[in-house]
Amino acid sequence: MPRYNPSEIEPRWQAYWDKHATFRTPDQAGEKKRYILDMFPYPSGDGLHVGHPEGYTATDIVARFSRARGETVLHPMGFDAFGLPAEEHAIKTGEHPRIQTQRNIDNFTRQLKMLGFSYDWDRMVSTTDEDYFRWTQWIFLVLYDTWFDADAQKGRPIADLPVPAEVEAQGAEAVGKYQDQHRLAYQDDALVNWCPALGTVLANEEVQDGKSERGGHPVKRIPLRQWMLRITSYAERLLDGLDDVDWPIGIKKLQRDWIGRSTGAEVDFYVGDEEAYGAWAESRRTSGFCAEPDASVLRVYTTRPDTLFGATYMVVSPEHEMLDELTTEVQGEAVRSYCEKASFKSDRERTDGDRVKTGVFTGSYATNPINGEKVPIWVADYVLAGYGTGAIMAVPAHDERDFEFAKQFDLKVVPVVDPPQDHPERAAIMAGDVCFVAQGNAINSGDFDGQKTNDVKAAVTAMLNREGLAAEAVNYKLRDWLFSRQRFWGEPFPILHEVDREGNLTGVKRAVPESQLPVRLPELEDFKPHGRPEPPLAKADDEWLYVTLDGKRYRRETNTMPQWAGSCWYYLRYIDPKNDQAMIDPALEKVWMPVDLYVGGAEHAVLHLLYSRFWHKVLYDRGHISCPEPFGKLVNQGMILGEVEFSGYVDEDGIAVSSHEVKRNAEGERVRANGDVVSSVTLTEEQVEKKGEGFVLKDNPAIRIDSRAFKMSKSRGNVVNPDEVVREYGADSLRLYEMFMGPLEATKPWAMTGVGGVRNFLDRVWRMIVDPKADELVVSDAIGDQPCDADQKRMLHATIKKVTEDTESLSFNTAIARMMEFTNFFTRAKSRPKEAMQQFLILLNPYAPHLAEELWQILGGEESIAKQAWPAWEAEALVESSIEVPVQVNGKVKAKIRVAPDVSKDDLHKAALSDAKVQALLEGKTVVKEIVVPGRLVNLVVK
RNA sequence: GGGGCUGUGGCGGAACUGGCAGACGCGCUGGAUUUAGGAUCCAGUUCCUUCGGGAGUGCAGGUUCAAUUCCUGUCAGCCCCA
C-alpha cells in the first residue's frame with residue numbers, strides 16, 4: 001500500500017533541488033526584489049535546536065511564496081562562527097578551533113538541508129573564513145579612518161578633520177595624536193576581567209558574581225589598553241533612524257532606552273583653594289563655561305539642575321581621574337583600600353538597588369555654585385565612571401540612591417521640591433525622612449521658591465550659564481563600544497604599533513595596508529593561557545608578531561575583535577559573497593539592499609541590531625553603500641518552550657504540599673510558610689485534574705499543582721531534537737507544526753502530540769490524491785478533469801484568498817488551518833477536480849515543499865512545483881447564494897435568517913421582522929431602537 | 001523596583017475596523033470497519049440546566065444597541081532591565 005513516507009520522499013527532493021540549483025538567486029533582478037534574511041546561527045556543538053527552524057521556516061515560506069509570485073528572491077544562510085565555546089574546547093583538547101568549527105558548520109548544514117530550506121547555498125558565508133574576515137578587517141579600517149563631524153552629523157575621512165593651528169604647529173606626530181583622538185576606532189584604557197588564578201582575561205559571560213565561571217576564582221577589574229568604537233557619536237542618528245523602519249515597537253523602545261538620551265546640565269563645583277573662590281567665580285563670569293573642565297573644578301552631569309539647592313554632598317566614582325588630588329592625606333589609606341575592593345565588583349553589583357551603599361569620605365570639599373555652600377566629596381562605587389562625567393552632585397531628598405547613601409552615612413538631607421498638597425507622605429518628605437523623586441514646586445531654593453520643577457530646571461541652568469558655571473547638556477546612557485577581546489578565536493585587528501630600536505612601543509600606530517589583508521591568525525602550539533593580562537595572540541612567534549614596513553618595525557595588535565564584528569555586516573556579504581576586489585559590488589548593493597524581511601530572536605533586540613546599524617551608517621556616510629538603514633522590516637520569533645510539566649511538591653517525609661503554600665526564600669529554595677524546604681516532583685497528566693483556576697491532585701483535590709512549560713535546557717532534560725522529530729514525523733511535519741503552534745511572535749510550549757496532528761493532516765493530503773487502497777502508486781479515482789461545482793469552486797478560491805493573505809501577513813497558523821479545512825472538504829468529496837488539487841498543492845508548497853513536489857509529480861506535473869505561479873482567486877467565485885444573518889433582541893442572538901448576500905438594509909430589516917421566532921419575541925413589546933447592519937446582523941432593542 | 005508582553009474550553013490556539021465567542025488541531029466520548037491498531041471513516045465535545053433556557057473570554061467597574069476587542073482600576077504569569 002503506497003503510504004506517505006517522508007523519509008523516502010524528502011531526501012530525494014532535497015537532492016533534486018541541489019542538482020537543479022532550483023533556488024539559485026537569479027543573476028538579473030526582476031521587477032520586484034525581495035531580500036529575506038534569517039539571523040545566522042552560532043554553530044554550536046549541540047546542533048540545531050527546535051527554536052532555529054521556527055524562524056527559518058517562516059522566512060522559507062515567505063521566500064517560496066515570493067518566488068511563486070514572480071519576485072526575485074535573495075534568501076541566504078551562513079554562520080556566525082567565531083566565539084568562546086570553540087576556544088574553550090581548544091584550550092581543553094588542543095584541537096584547533098577551526099577544526100571544531102568546521103565540524104559544527106557541517107552538522108548545521110546537514111540539518112538545515114534536511115529541513116528543506118530553499119537557501120541559495122552558493123552564497124553561504126562563515127565569519128571565520130579568511131575571505132570573509134578580510135572584509136571585516138577592511139571595515140574596521142574604514143572606522144579607523146573616519147571621524148564624526150558633529151555639525152554635519154556625519155562620518156568623514158580622517159584626512160578632512162580640521163586640525164587646530166596650535167596642534168599643526170607642533171608637527172606631524174602631534175597631528176597624528178590629534179587625529180587618533182577623533183577616530184571612530186580609538187584606543188583607551190578600560191576595565192577588563194583579569195583572573196590571576198587562571199592567568200587569563202575573562203569575557204563578561206565567564207564571570208559570575210565576581211568569580212570565574214570555571215573554578216570560582218576571584219576576578220579583578222584592571223585597566224587595559226583597549227580598542228573602542230565611538231558609537232556614542234552616532235547616538236542621535238541611531239535614534240532618528242528608528243522612525244523609518246518597520247520594526248516591532250517593543251524593539252524600538254528597547255533601542256531607544258538603551259541609547260538613553262537625557263537632557264540636563266553639566267555643572268562645575270569649585271574644588272580649589274577656598275580663598276581664591278571669589279576670583280575664580282569672577283573669571284568664570286567673563287570667560288564663560290568651558291568645554292573641558294580644569295583641575296579647579298569637579299564637573300557633574302545632572303538631569304535635575306532644579307534640585308541644586310538640595311545638593312548636600314558629592315560623589316566621585318572610584319576610577320575618577322581627580323580622585324587622587326581630592327583625597328587628603330588622612331583619608332588616603334581608607335580611599336585606596338576602598339577603591340581596591342571596588343575593583344572586584346561588577347557594575348551590576350555596584351549599582352544593585354538592594355545592596356547596602358558603601359563609600360568613603362575623600363576629606364575634600366567643593367563649593368555648591370548655586371548657594372556657595374561647602375559640600376563634602378565622597379567616593380562611592382554606586383557612581384560609575386562611564387556615565388555622565390563619573391561624578392555626581394548628590395541630592396538625597398530627591399534621589400533614591402543618594403537618599404540611601406545619606407542615611408547610611410548620616411549626611412544632610414535638604415528637601416527642595418514640595419510635593420503636591422495631597423501627597424500622603426508630604427510631611428515626612430518635608431522633614432527629610434522620605435525621598436521624593438517626582439515633580440512639584442521649589443522650596444528652600446532662594447528666588448526660585450514656588451516655581452514648578454520644569455521651570456526651575458530651565459531657570460537654574462540659564463542663570464548658572466550666565467555665570468559661566470553650567471551649560472545645558474545632552475547625555476546618553478549608551479557608551480562607546482569596547483571592541484577588543486583578549487581571545488584567540490576572533491578577527492585580528494589590522495593595526496600595527498611602531499616599535500623603536502629597543503623594542504618599545506612609540507605610541508605611533510598605522511593601519512595594515514589594504515593590499516595586505518587579511519591579517520590571518522597565527523599558528524600557536526597550544527591555546528593555553530600564558531598567564532599575563534594580555535591577549536593570547538601575544539604568544540605568537542616573532543614572524544607573525546613583528547612586521548617591517550617602509551623601513552620601520554612594527555608589532556602587530558594582539559587583541560581580537562568581539563563576536564559582534566562578523567555579524568555586523570554579513571547581510572551585505574551575501575549579496576556578493578565571492579568578490580575578492582571589494583566588500584561588495586556597489587551596483588549589486590543597490591539592487592538588493594535593504595533587507596526586506598529580517599527574522600530572528602528577540603535576544604538580539606539591542607546589541608546586534610544596534611551595532612550593525614552603527615556600522616551600516618558609517619559605511620553609508622563613507623559612500624560604500626546606498627541606504628541609511630539595513631533592515632526594513634524586522635520580526636522577532638517567539639521562544640519555543642518545552643512540553644508542559646505538572647509539578648507538585650513534597651516535604652521531607654514525602655507528604656504532598658499544595659503549591660499555593662510554596663514560596664521561594666532568599667536563597668531561591670522552595671519553602672513552605674513555616675520555612676521547611678520542599679522538593680518538587682514531576683507528575684503525569686493522569687495524576688492531575690482541572691479544578692477552578694488551576695490543577696489539583698486527582699487523589700487529593702486539596703493539593704494544588706503547578707502547571708507550566710519551561711525554557712528548553714539540557715539540565716532540565718526537556719530539549720526537543722529536530723533530528724528525532726524528522727526521523728519520526730518528517731521534515732514537512734516539523735515545519736508545519738512549528739508554524740501551526742501559534743503566532744510567530746508568541747512564546748509557545750512544544751507538544752509532540754501536535755506534531756502528530758499535522759502529520760495526520762499531511763497523510764490526509766496524501767490520501768486526497770493517492771489511492772490508499774491500491775497496491776501500486778496510483779492517483780485516486782476521485783480525481784479527474786471534471787470542473788469544480790459551485791461549492792468546490794468557492795472552497796478553492798476562498799482557500800487561495802485566505803492562504804495568500806495570511807502568508808503575506810505572516811499569519812501562518814491560520815493559513816494552515818484553512819488548508820486543513822480544504823483537505824477535509826475534498827477528502828469527503830467523491831469528485832476531486834485535478835485542477836483544484838494542483839492549485840491547492842501550489843498553496844501548500846511553501847509550507848510542506850517535499851510533499852507538494854511529490855504529489856505534483858504524481859499528478860503529472862513536469863518540472864518542480866517551485867516553478868509554478870501562485871494562483872489568483874476570483875472574487876465572483878466567493879459569492880454565496882445566500883447568507884445567514886443573526887437577529888438579536890436586546891443584544892442577544894435569538895434567531896437566524898437566510899438572505900441574499902447583497903440584501904439591502906430595508907429588505908434585511910423586513911426579513912428580520914417577518915421571522916416567526918422574532919415576531920413571537922416582540923409580542924406585546926415596544927421596539928425602541930433598531931440597528932441593521934447589512935450582511936452582518938440585526939439588533940432590535942425592545943421594552 | 002522599572003519597563004514590556006500575555007491572560008479565551010482539559011490543552012495549543014481562532015475571531016477582519018466593536019457585530020453569531022471557541023475556526024483549525026490535540027485530547028476525550030460514542031459508533032463503524034478491522035485478526036490487530038498509535039490506521040481509517042462517521043458523530044459528539046465551553047459550563048450549568050427543571051431542556052424553557054441561563055451563564056461565559058483572569059477579576060471589578062465604565063462607555064455602547066452591541067465589548068475577547070475601547071476606557072479605568074486590580075490580580076496573576078512570563079520576559080527584559082536594574
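Lettering of chains follows the sequences in order, A, B, ..., and the numbering in each one begins at 1. Here the structure is a predicted model, which is why all the values come from computation and not from measurement. Any value given below was found using the heavy atoms of this structure, including those in side chains, with hydrogens, waters and symmetry copies removed.
Using C1' as the reference atom, B:A39 and B:G7 are 38 Å apart when rounded to the nearest Å. Comparing the same atom, C1', in B:U68 and in B:G19 gives a spacing of 13 Å after rounding to whole Å. Using atom P as the reference point in both B:A66 and B:C78, the two lie 37 Å apart (nearest Å). For the P atoms, the distance linking B:G54 with B:C5 amounts to 38 Å, nearest Å. Here the separation of B:U6 from B:A15, taken at their P atoms, is 14 Å to the nearest Å. Between the C1' atoms of B:U74 and B:C26, the separation comes to 34 Å (whole Å). Spacing between B:U46 and B:A14 at atom C1', rounded to whole Å, works out to 15 Å. Separating the P atom of B:C65 from that of B:C51 is a span of 36 Å, rounded to the nearest Å.
A:E884 comes within 4.0 angstrom of a nucleotide base, judged by non-hydrogen atoms across all strands. Looking at heavy-atom distances under 4.0 Å, A:E930 makes no contact with the nucleic acid at all. When heavy atoms are screened at a 4.0 angstrom cut-off, A:R708 is found touching the sugar-phosphate backbone but no base atom. Within 4.0 Å (heavy atoms only), A:K896 reaches at least one base atom of the nucleic acid. Heavy atoms of A:N813 sit under 4.0 angstrom from primed sugar atoms or phosphate atoms, though from no base atom.
Counting only Watson-Crick and G-U wobble pairs whose two key distances fall under 3.5 Å, RNA chain B forms stems of three or more stacked pairs at B:1-7 with B:75-81, B:10-12 with B:24-26, B:27-32 with B:40-45, B:46-48 with B:53-55, B:58-62 with B:70-74.
Among the nucleotides B:G54, B:A23, B:G13, the one closest to any side-chain atom of A:A817 is B:A23. The side chain of A:T814 sits closest to B:A15 out of B:C20, B:G12, B:A15.
The six-membered or imidazole ring of A:F840 lies near that of A:F822, with a centre-to-centre distance under 6.0 Å. Taking the six-membered ring where the residue is Trp, the centroids of A:W247 and A:Y598 are separated by 6.0 Å or more.
Following rounding to the nearest Å, A:M739 (CE) and B:G25 (C1') show an atom-to-atom distance of 15 Å.
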Original post:
Which letter, B, S or -, goes with each nucleotide of nucleotides 36-43 of chain B from 5' to 3', with contact meaning a protein heavy atom under 4.0 Å?
Top reply: --B-SSS-
